[in-house]
Amino acid sequence: MERVYCSKTCANLGWKHLSIRRGIGKKYYGSNWLEQRRRCRDRDNYRCVDCGITENEYEKEMSVHHVIPFVYFSDYKEANKLSNLVSVCEDCHRVRHSGEGHPSKFNVNKIVTHYTPTVKMQQKEKAQEVYSLLINTDKTLAEISRETGMSYSGVRRIYCGKRWKTLYKVPANITNRRRCLRD
């Protein structure tokens, strides 16, 4: 497998782009990333906060940039707070990651290097959180979706799917009386 680096500096340091990769070939920003990304773009009116170009003019979705680098956080929920995210076009995003913002300039003492579970492990933990809320609360599937940061359809798949029956040996509507739309 050929190693690809964003610059000669990162190659010399042995860093594959933003210093620490989450997963293989794709950074993993946690289970709430896609929802937080959408909320950030919506908050910024689908416009780059640096140059002001809109997604319609740019003909692409805006990138979402972590103001304080993701690698400085031990908890993805803290890293992905809306106050730490801004919408930028790809050109402005590259500028933000150059010079002093380049990963090679990150404060190595601040980078969290503790073990982080694999993507599948984090997804399993998220599913267990959903199971717990389904069993122990009377919240609707939509409320559980908002609280966990998981999509509504993901929560519904857990509630209506085979995983529930495998875990609890009885259908979801008997274990907890929420209406399951799919039979």
Side-chain angles (χ1 to χ4, degrees), residues 1-123 125-127 129 142 145-155 157:
M1 181 177 176
E2 182 183 340
R3 295 185 184 262
V4 179
Y5 300 95
C6 65
S7 67
K8 188 173 182 177
T9 306
C10 281
N12 291 338
L13 293 170
W15 288 3
K16 281 199 261 175
H17 201 50
L18 292 173
S19 68
I20 297 174
R21 286 263 183 191
R22 303 287 194 249
I24 297 173
K26 184 176 182 180
K27 286 181 277 198
Y28 181 69
Y29 287 131
S31 59
N32 71 344
W33 171 245
L34 294 178
E35 179 63 22
Q36 290 299 89
R37 183 179 183 282
R38 184 194 59 73
R39 287 179 180 168
C40 176
R41 290 175 38 245
D42 183 50
R43 179 202 62 204
D44 296 336
N45 295 316
Y46 305 96
R47 180 179 295 275
C48 176
V49 296
D50 290 347
C51 69
I53 193 170
T54 65
E55 285 187 359
N56 288 336
E57 295 167 336
Y58 192 56
E59 297 179 353
K60 290 182 187 177
E61 285 186 355
M62 290 292 138
S63 295
V64 175
H65 174 73
H66 287 88
V67 177
I68 300 171
F70 184 83
V71 295
Y72 289 172
F73 292 89
S74 60
D75 180 19
Y76 69 89
K77 290 180 182 177
E78 287 295 314
N80 294 339
K81 283 188 172 181
L82 284 178
S83 58
N84 191 41
L85 302 174
V86 291
S87 301
V88 288
C89 67
E90 198 55 43
D91 295 335
C92 292
H93 201 184
R94 272 191 233 108
V95 169
R96 283 180 176 247
H97 280 290
S98 63
E100 289 302 310
H102 191 272
S104 65
K105 304 284 193 219
F106 286 174
N107 183 340
V108 177
N109 297 323
K110 286 186 175 180
I111 295 175
V112 178
T113 57
H114 73 283
Y115 167 77
T116 53
T118 63
V119 172
K120 287 184 179 181
M121 185 63 181
Q122 290 179 353
Q123 289 170 340
E125 290 170 0
K126 183 59 68 178
E129 183 181 349
S145 169
R146 282 190 294 275
E147 185 173 325
T148 60
M150 184 180 264
S151 69
Y152 175 81
S153 60
V155 171
R157 272 195 308 273

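Numbering of residues begins at 1 and proceeds along the displayed sequence.
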Item to check | Those residues that, when tested against R146, pass salt bridge (charged side-chain N to carboxylate O under 4.0 Å, His left out) (two or more places apart) | outcome: none
Item to check | Residues in side chain to side chain donor-acceptor pair (under 3.5 Å) contact with K81, at least two apart in sequence or another chain | outcome: E78
Item to check | side chain to side chain donor-acceptor pair (under 3.5 Å) against S145, all qualifying residues, sequence neighbours excluded | outcome: none
Checklist outcome for this item: The side-chain contact (heavy atoms from CB on, under 4.5 Å) partner of V64 among V88, L85, L82 is L85
Checklist entry - Looking at side-chain heavy atoms only, is the closest gap between M62 and C48 below 4.5 Å? => result yes
Next on the checklist: Under the rule for side-chain contact (heavy atoms from CB on, under 4.5 Å), what residues qualify as partners of R38, not counting sequence neighbours?
Outcome noted: E35
Checklist entry - Taking only residues two or more places apart in sequence or in another chain, which ones pass side-chain contact (heavy atoms from CB on, under 4.5 Å) with E61? => result R37, R41, E55
Item to check | I53 CD1 to E59 CD distance, which is reported to the nearest 0.5 Å | outcome: 9.0 Å
Next on the checklist: For I68, give me all partners under side-chain contact (heavy atoms from CB on, under 4.5 Å), at least two apart in sequence or on another chain.
Outcome noted: Y72, F73, N84
Checklist entry - salt bridge (charged side-chain N to carboxylate O under 4.0 Å, His left out) between R94 and D91: does it pass, once the steps are laid out? => result CA-CA 5 Å; R94 272 191 233 108; D91 295 335; 3.2 Å; yes
Next on the checklist: Treating N45 as the side-chain partner and R47 as the backbone partner, does any N or O pair qualify as donor plus acceptor under 3.5 Å?
Outcome noted: no
Checklist entry - Excluding sequence neighbours, so at least two apart, what forms side chain to side chain donor-acceptor pair (under 3.5 Å) with H66? => result N80
Checklist outcome for this item: Residues at least two apart in sequence or cross-chain that pass salt bridge (charged side-chain N to carboxylate O under 4.0 Å, His left out) with E129, listed by chain then number, are K126
Item to check | Partners meeting side chain to side chain donor-acceptor pair (under 3.5 Å) with S153 (sequence neighbours left out) | outcome: S151
Checklist entry - Can you name the ring pair (Phe, Tyr, Trp, His ring centres under 6.0 Å) partners of Y46, sequence neighbours left out? => result none
Checklist outcome for this item: Residues passing the salt bridge (charged side-chain N to carboxylate O under 4.0 Å, His left out) test with D50, sequence neighbours excluded, are R96
Checklist entry - Residues in salt bridge (charged side-chain N to carboxylate O under 4.0 Å, His left out) with R43, at least two apart? => result none
Item to check | Inter-residue atom distance Q36.CD - L34.CG, 0.5 Å rounding | outcome: 10.5 Å
